[in-house]
Each structure stands twice: as C-alpha cells, then as structure tokens.
Participant: 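Encoded as structure tokens, here's the structure I'll be asking about.
One-based numbering, in listed order, for ligands and for the atoms of each. Bear in mind that the values here come from a model prediction, so they are computed numbers and not experimental data.
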Amino acid sequence: MKVLVIGGGAREHALCRSLSLDPDVSALYCAPGNAGIAEVAELRPVDALDGAAVAALATELGAGLVVVGPEAPLVAGVADAVRAVGIPVFGPSAEAAQLEGSKAFAKDVMAAAGVPTARSYVCTTPEEVDEALDAFGAPYVVKDDGLAAGKGVVVTEDLAAARAHALACDRVVIEEYLDGPEVSLFAITDGVTVLPLQPAQDFKRALDGDEGPNTGGMGAYSPLPWADPKLVDEVMELVLQPTVDELRRRGTPFSGLLYAGLAITGRGTRVIEFNARFGDPETQVVLARLQTPLASVLLNAARGTLDAEPPLRWRDDAAVTVVIASHNYPETPRTGDPIEGLAEVAAEDGPDAYVLHAGTRREGDAVVSAGGRVLSVTATGSDLAEARDKAYKAVARIRLDGSQHRTDIAAKAAERP
Ligand code: AMP
Ligand code: GLY
C-alpha cells in the first residue's frame with residue numbers, strides 16, 4: 001500500500017517512522033514534511049490546508065491511504081476532499097473535527113453524551129464574562145473558542161489577566177478549574193468501533209516545575225506507572241464510546257483519532273478537551289511502544305472496518321520524549337539556526353534513542369531550525385528511568401543556539417517503584 005501523510009511536525013515524523021517500518025507499506029510520502037521525515041519518506045510540497053491540492057496529490061501518487069496529521073487541515077475539510085475522490089483517509093470530516101475546532105461544540109456534545117467535564121459558560125459579551133468569572137472564582141480558566149494550537153487557554157489566579165484574555169477573544173468558554181494530574185488518552189475509531197491506545201502524559205508549560213506559559217507540549221512519557229490500571233476501561237465507557245456514539249447519532253460520525261485530554265480529579269475523571277488528531281508530543285511515545293504495524297489499523301479505521309482489527313499489541317518498554325524548542329518559544333521563536341549533533345545521536349545512541357524532527361529544514365548540507373518546537377528526542381528503555389536517561393543523553397549531544405528544553409520530563413513518574 002502507498003501511504004501519504006499530511007503535515008510536517010514531530011508527530012508526523014513519528015507516524016512516518018512507524019509506517020516506514022510496516023511491511024504493508026510499499027511507498028511512503030509526506031507533504032510537506034521536514035528534514036527528518038525526508039529520511040524515511042519521499043517529500044512532496046503541498047498547501048496542507050488546500051483539500052483539492054491534497055486530493056490531487058493523493059490521486060497522482062496512487063495513494064491507498066492518506067493520513068492527516070494536524071488539526072487545521074481537518075477543520076478546513078481536507079479529509080472530506082480526499083474522501084470525495086474515493087481514497088481512504090484517516091482523519092475526521094470538517095464537521096466532526098469541530099470537536100476540536102470549537103470548544104463550545106465539544107461542550108455541547110459532552111452534555112448530550114453525559115461525558116464528565118468542567119462546568120462552563122460560553123460568553124460573547126463583557127457582562128457575560130464578568131458573571132462567569134465571578135461564578136467560578138479563582139483559579140480562572142478562560143478558553144478562546146476557536147483553534148489556537150494549545151495557546152488560547154489562560155489559567156490564572158489573576159482576575160484582571162483572566163478578564164483581559166476573555167475580552168481579547170470573540171467568543172470564550174469560561175469554566176470550572178479542574179485540579180489533578182492530566183492524562184492524554186488516544187483512541188482510533190471508524191465512527192462505530194473504538195480502539196483505545198495506551199495513555200501518556202504531556203508537559204504543557206514551557207519551564208521546569210510546570211512554570212511559564214502554555215505551549216504545544218514540551219515532552220511526554222508513557223506508560224503512567226501512577227495511574228489506575230482501570231483508567232483506560234473507565235475512559236472508554238464514560239468518555240470515548242459515548243462521544244463517538246453521540247457524533248454518529250448527530251449524523252456527523254467521527255472517524256480518525258479521538259484524543260481525550262483528561263484531568264484525574266478527586267471527584268473523578270473529567271475531560272479537559274478533545275482533539276481530533278494525534279497529540280504532539282504524546283504520539284512520539286505512544287507509537288514508540290506500539291508493536292502492531294500501524295498501516296492496517298489506520299486503513300481499517302478509514303474504511304469503517306475497525307471491528308476486524310485484532311487487539312493492539314504493546315511493548316513492555318517505557319518511552320520518554322523531550323522537546324527541544326527554539327530561542328523565545330512560545331512567544332516569537334527564532335528560526336534559521338543550524339542544528340548540530342544529529343549524526344552523533346544516530347551513531348552513538350540508536351536504535352533505542354532517536355531524534356524526531358518538528359520545525360526543521362535542510363539548507364545545503366545543514367539542517368536548520370524552522371519553527372518553535374524543533375526536535376522531539378525520543379527514547380525507550382526497560383522503565384521510565386532508563387528511557388529518560390537515554391533521552392537526555394541524546395538531548396545533550398544536540399547543539400542549537402539559544403534552544404531550550406525542560407529537564408524534568410517524566411522525572412517524578414520515574415521515581416516511583
Ligand atoms: P486545552 O487547550 O483545553 O487543552 O487547555 C490547555 C491546558 O490548560 C490544559 O492542558 C490544562 O493544563 C489547562 N486547562 C484547561 N482547562 C482546564 C481546567 N478546566 N482546569 C484546569 N486546567 C485547565
Ligand atoms: N500535546 C497536546 C496536543 O497535542 O494538543
């Protein structure tokens with residue numbers, strides 16, 4: 001099977017890496033890709049937001065499966081355009097992707113499906129904003145209703161800051177603060193059958209100790225030794241299956257990757273957000289542990305035959321990924337800096353540690369930074385402590401002027417017996 005992956009971040013590099021190792025995949029293409037993906041897939045230029053262009057490229061390549069990585073093309077209807085030319089596509093329709101594209105829509109679906117989440121108000125006027133902030137009190141949680149790459153959410157004790165963020169958005173969701181550790185749980189679905197993956201934890205804040213601004217994600221690990229072993233079953237029953245059933249009932253079935261961002265609170269598990277695609281950087285650690293070849297699972301989801309898929313198989317290994325970000329990420333990341341040390345990691349640390357590229361591009365013989373999150377250094381080990389050691393050893397070999405990374409990814413989880 002020929003597979004075309006749309007996107008160009010470390011998530012797409014992880015997807016391409018897994019697909020390139022799958023004997024069912026005869027040719028692998030990625031559009032637009034990045035410098036690292038070019039080592040496992042043939043790159044094609046495309047405007048990822050242009051459905052007609054993506055469909056034409058998939059047709060030209062004779063693709064038997066298109067996998068759409070990021071949310072923006074999904075919300076723009078790229079999966080619909082590919083489906084319309086008769087090519088199976090892994091990724092939801094624009095309508096179903098509203099689960100991520102609009103926080104208000106997601107809240108409405110959750111209410112109808114009885115899915116536990118934070119109580120919330122949708123506000124469009126300053127009066128509504130003040131009422132909602134007053135009703136919940138501090139800490140305040142204020143979310144831009146639209147897509148914001150994980151950066152439209154402000155969680156703060158400061159009423160003035162909460163109010164200022166709310167007033168800067170056209171439409172905001174203001175909600176109850178959820179206290180407790182966060183878990184990302186992904187499920188592959190064809191709109192009927194739901195196949196959960198293994199849970200992971202993401203580190204959203206820029207700085208060690210969960211300080212600093214929210215980012216797209218600075219690192220991740222899996223499995224979660226501290227989590228209740230029944231967590232996946234519980235979330236399947238309370239969250240994933242009811243959500244998939246509700247979207248089908250509405251006539252907008254969700255097929256693709258359903259990402260539940262969860263808070264494990266003292267009062268039970270609550271949904272913080274849904275995403276309509278694989279998470280980044282959690283995918284890097286989840287796929288590092290997945291033993292089942294990926295292509296047939298994604299194809300069965302795309303075709304509506306996921307019930308034919310046997311249970312997924314997982315390695316016992318733990319996985320850790322550490323994001324290396326550019327100078328000034330997430331505000332105004334500096335790009336164009338040369339990246340050194342990639343060959344050393346490949347020579348000295350492989351195959352258990354490897355570098356997945358996010359914002360990179362090739363300039364002659366050099367690889368240079370081309371985005372906020374630049375690399376996602378990933379490693380597996382017999383436990384989290386070993387995976388973490390290997391990941392940080394590889395991180396230490398990378399040289400990128402002004403770059404930043406967190407030093408505490410998976411640190412607490414690795415301490416537990
Ligand atoms: P979101 O874009 O909805 O995932 O929000 C980004 C981050 O903000 C989440 O990963 C949480 O760390 C935090 N957050 C969002 N909603 C809440 C909430 N209701 N209570 C506490 N923290 C939240
Ligand atoms: N890691 C968070 C996200 O992918 O939205």
Participant: Decide whether an N or O pair under 3.5 Å exists between Glu273 and ligand 2.
Facilitator: no
Participant: Heavy atoms only, cut-off 4.0 Å: how does Phe278 contact ligand 2, side chain, backbone, both, or neither?
Facilitator: neither
Participant: State plainly whether the residues Arg399 and Asp337 are in salt-bridge range, i.e. N to O under 4.0 Å.
Facilitator: no
Participant: Quick check: closest heavy atoms across Val367 and His357, and the distance to 0.1 Å?
Facilitator: CG1-CE1, 4.1 Å
Participant: Is it the side chain, the backbone, both or neither of Asn214 that has a heavy atom closer than 4.0 Å to ligand 1?
Facilitator: side chain
Participant: For Thr305 and Asn300, which I'm curious about, is there any donor-acceptor pair between the side chains at under 3.5 Å?
Facilitator: yes
Participant: So, Glu131 and Tyr121: side-chain donor and acceptor under 3.5 Å apart, yes or no?
Facilitator: no
Participant: Check ligand 2 against Gly279 and write out every atom of the ligand that is under 4.0 Å from a heavy-atom position of the residue.
Facilitator: 4 (O)
Participant: Taking only non-hydrogen atoms of Gly216, do any sit less than 4.0 angstrom from ligand 2?
Facilitator: yes
Participant: Are Asp210 and Lys412 within salt-bridge range, i.e. N to O under 4.0 Å?
Facilitator: no
Participant: Show me which atoms of ligand 1 lie under 4.0 Å from any heavy atom of Tyr177.
Facilitator: 20 (N), 21 (C)
Participant: If you look at every heavy atom in Ala288 and Ala319, which pair is closest and at what distance?
Facilitator: CB-CB, 3.9 Å
Participant: Just distances here: any N/O of Lys204 and N/O of ligand 2 closer than 3.5 Å?
Facilitator: no
Participant: Can you name the atoms of ligand 2, numbered from 1 with element, that are less than 4.0 Å from a heavy atom of Asn275?
Facilitator: 5 (O)
Participant: With a cutoff of 4.0 Å, is Gly217 in contact with ligand 2, counting heavy atoms of the residue only?
Facilitator: no
Participant: Side chain, backbone, both or neither: which part of Arg277 comes within less than 4.0 Å of ligand 2 when only heavy atoms are counted?
Facilitator: side chain
Participant: Is the shortest N/O to N/O distance between Glu175 and ligand 1 below 3.5 Å?
Facilitator: yes
Participant: For Thr407 and Asp208, test the side chains for any donor-to-acceptor distance below 3.5 angstrom and give the result as yes or no.
Facilitator: yes
Participant: Among the heavy atoms of Ser184, does any lie under 4.0 Å from an atom of ligand 2?
Facilitator: no
Participant: Look only at interatomic distance and state if Leu178 has a nitrogen or oxygen under 3.5 Å from any nitrogen or oxygen of ligand 1.
Facilitator: yes
Participant: Take the angle between the ring planes of Phe186 and Phe278 and call it parallel below 30°, perpendicular above 60°, tilted in between.
Facilitator: perpendicular
Participant: Are Lys390 and Asp349 close enough for a salt bridge, meaning some N to O gap below 4.0 Å?
Facilitator: no
Participant: Out of Arg119, Glu182, Lys103, who is nearest to atom 11 (C) of ligand 1 when you count heavy atoms only?
Facilitator: Glu182
